[in-house]
Amino acid sequence: PGVVARSLLELPDGQPLVMLFDELDKARQDNVHPTDAALLGLLDPVSSEAFRDEFLELPLDLSPVSFLFTANRTRGIRPELLSRMQVVEVPSPTAAQMPAIVRSVDAAIRARQPELANHFAPLGDALISALASQSPRALMRLSGGCL
């Protein structure tokens with residue numbers, strides 16, 4: 001079955017289903033598996049009530065399913081898709097916000113790996129200031145994938 005049908009089948013009764021599609025702007029478009037056509041059917045209120053799973057060859061009611069999409073940019077995403085979404089733009093963090101982000105990354109790493117407290121003190125202000133010039137993505141790389 002398709003990923004949506006499989007997710008519905010594996011979901012405990014009464015649990016809501018939220019599906020996350022990461023980096024929609026990078027979805028591959030081809031004639032064999034057109035992503036846009038499937039998404040238009042999933043996001044249209046009328047067709048989502050009788051979405052046809054190609055493997056099961058059964059109509060499924062997907063109207064209670066919530067879909068979240070991420071994208072680095074909306075340019076390149078078909079307007080018909082965007083018209084079915086509520087677009088929320090998240091700006092890059094400001095320089096003033098970055099020290100708090102560095103602290104939260106440090107805290108998250110320490111929460112996942114409590115043994116770090118035995119060997120390393122929490123980050124000091126000088127190191128936080130130095131790391132605050134990095135982007136959040138660079139901080140994740142510097143963390144060594146600990147998050």
Side-chain angles (χ1 to χ4, degrees), residues 1-120 122-123 128 131-147:
V3 68
V4 178
R6 192 172 48 248
S7 297
L8 280 172
L9 292 171
E10 293 171 356
L11 194 68
D13 286 341
Q15 293 292 313
L17 178 60
V18 178
M19 299 203 72
L20 173 68
F21 291 80
D22 193 25
E23 297 190 341
L24 178 60
D25 55 325
K26 294 181 180 132
R28 193 174 111 226
Q29 299 299 324
D30 60 35
N31 292 331
V32 178
H33 302 290
T35 307
D36 290 355
L39 292 178
L40 285 169
L42 288 172
L43 298 176
D44 182 78
V46 173
S47 62
S48 70
E49 291 178 358
F51 184 81
R52 189 161 192 80
D53 182 275
E54 291 183 21
F55 179 80
L56 297 175
E57 295 185 3
L58 295 170
L60 302 171
D61 182 4
L62 302 181
S63 59
V65 179
S66 296
F67 296 94
L68 296 174
F69 297 88
T70 68
N72 293 316
R73 59 193 55 84
T74 57
R75 187 182 62 233
I77 299 173
R78 288 177 49 184
E80 330 54 305
L81 279 176
L82 290 174
S83 72
R84 290 168 169 79
M85 301 176 186
Q86 179 180 352
V87 177
V88 177
E89 292 190 31
V90 179
S92 297
T94 65
Q97 295 167 329
M98 282 307 297
I101 292 171
V102 172
R103 284 186 183 90
S104 73
V105 170
D106 183 43
I109 291 170
R110 289 172 183 285
R112 289 188 94 179
Q113 298 181 350
E115 66 278 3
L116 287 177
N118 298 331
H119 303 286
F120 300 100
L123 299 180
I128 288 172
L131 291 172
S133 66
Q134 301 292 317
S135 70
R137 183 168 296 186
L139 287 176
M140 294 303 294
R141 276 194 299 263
L142 288 171
S143 75
C146 293
L147 294 178

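As the structure is a prediction and not an experimental result, all values here were calculated from the model.
Using a 4.5 Å heavy-atom cutoff, the side chains of Leu24 and Met85 are in contact. In this structure, the side chains of Asp106 and Leu131 stay at 4.5 Å or more apart for every pair of heavy atoms. Contact annotation: the side chain of Asp25 never approaches that of Thr74 to less than 4.5 Å [non-hydrogen atoms, C-beta and beyond].
Closest of all the heavy-atom pairs between Gln134 and Met98 is O-CE, 3.1 Å. Across Met19 and Val4, no two heavy atoms sit closer than the pair SD-CG2, 3.7 Å. A pairwise comparison of heavy atoms in Ala96 and Pro99 identifies O-CD, 3.5 Å as the closest pair. Here the shortest heavy-atom pairing between Pro136 and Pro93 reads CG-CG, 3.7 Å. When all heavy atoms of Ser47 and Asp44 are compared, the closest pair comes out as N-OD2, 3.0 Å.
Here the straight-line distance linking atom CD of Glu115 with atom CZ of Arg110 works out to 11.0 Å at 0.5 Å rounding. Atom CG of Leu43 sits about 10.5 Å away from atom CG of Leu62, to the nearest 0.5 Å. Distance check, rounded to the nearest 0.5 Å: CG of Leu17 to CD of Glu10 gives 10.5 Å. How far CG of Leu8 is from CG of Asp61: 9.0 Å, rounded to the nearest 0.5 Å. To the nearest 0.5 Å, the span separating NZ on Lys26 from CD1 on Ile77 amounts to 10.5 Å. Rounded to the nearest 0.5 Å, atoms OG (Ser92) and CD (Gln97) are 10.0 Å apart.
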Arg84 vs Leu39, test: side chain to side chain contact (heavy atoms under 4.5 Å, CB included). Steps then yes/no.
CA-CA 10 Å; Arg84 290 168 169 79; Leu39 292 178; over 6 Å; no
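Within 6.0 Å of atom CG in Asn118, more than 12 heavy atoms from other residues, nucleotides or ligands are found, so the atom counts as buried in its surroundings.
Between the side chain of Arg52 and the main chain of Leu60, no donor-acceptor pair closer than 3.5 Å is present.
Between Phe21 and Phe69, the two ring planes are parallel [angle under 30°; tilted spans 30° to 60°].
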